[in-house]
Amino acid sequence: MLFLVRMDVRIPHDLPAVQVQDIKAREKAYSQALQHDGRWQSIWRVVGEYANYSIFNVSSNDELHQLLQGLPLFDYMDIHVTPLACHPSAIAS
Ligand SMILES: O=C(O)C[C@H]1C=CC(=O)O1
């Protein structure tokens, strides 16, 4: 199952810098592990915003929810999920 996910990062300005650095480092490692195993298919920065669009390929809504909840930045992001279906005019999937 494919999902388009938008993540808007909103880190509070009063969070200590050392804590922010730690969360970002853990987020990068977590994201790259999921990219390596194929479940986080791609990630793109939204130009001019601290936000990304990502494509996830997972086997259920529950699996995606679990992955998203495990993001070290989860408490500091607004996340919007769009489930994707095949388009009848697509020449490739
Ligand atoms: O920077 C972001 O877009 C937030 C987050 C998502 C993956 C990652 O490494 O950081």
Side-chain angles (χ1 to χ4, degrees):
M1 300 169 72
L2 290 175
F3 295 90
L4 174 68
V5 178
R6 178 174 170 128
M7 303 177 204
D8 288 272
V9 184
R10 311 208 187 290
I11 298 173
H13 294 300
D14 58 355
L15 206 63
V18 67
Q19 199 178 332
V20 173
Q21 275 178 352
D22 174 64
I23 296 170
K24 285 185 181 177
R26 287 188 291 113
E27 178 83 10
K28 185 172 185 174
Y30 184 88
S31 166
Q32 291 187 338
L34 292 171
Q35 289 174 63
H36 281 299
D37 79 19
R39 287 181 290 173
W40 195 327
Q41 280 195 344
S42 58
I43 179 168
W44 299 91
R45 179 63 77 215
V46 179
V47 175
E49 298 182 42
Y50 193 0
N52 74 73
Y53 277 106
S54 293
I55 300 284
F56 284 83
N57 189 355
V58 293
S59 47
S60 67
N61 291 354
D62 289 333
E63 183 181 3
L64 180 63
H65 187 71
Q66 207 172 11
L67 293 184
L68 295 177
Q69 249 189 338
L71 289 164
L73 276 173
F74 182 78
D75 289 341
Y76 308 111
M77 291 198 289
D78 294 330
I79 299 178
H80 186 261
V81 176
T82 305
L84 301 175
C86 296
H87 194 287
S89 301
I91 59 168
S93 54

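Indexing begins at 1, ligand by ligand and atom by atom, following the structure's order.
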(request) Take atom CD of E63 as the centre, draw a 6.0 Å sphere, and report whether it contains more than 12 heavy atoms from other residues, nucleotides or ligands. (result) yes
(request) Identify the heavy atoms of M7 and S54 that sit nearest to each other, and give their distance. (result) CE-OG, 4.2 Å
(message) Distance alone, cut at 3.5 Å: any donor-acceptor contact between the side chains of Y76 and R10?
(response) no
(request) List in chain and number order the residues that pass salt bridge (Lys or Arg N to Asp or Glu O under 4.0 Å) with D62, two or more places apart in sequence or in another chain; answer none if no residue qualifies. (result) none
(message) We want to know whether S31 and Q35 form a side-chain donor-acceptor pair, criterion being a heavy-atom distance below 3.5 angstrom.
(response) yes
(request) Anything with a heavy atom under 4.0 Å from ligand 1 counts, so go ahead and list those protein residues by chain and number. (result) V9, E27, K28, S31, W40, I43, R45, Y50, N52, L73
(request) Can you see which heavy atom on D8 is nearest to which on A51, and at what distance? (result) OD1-CB, 3.5 Å
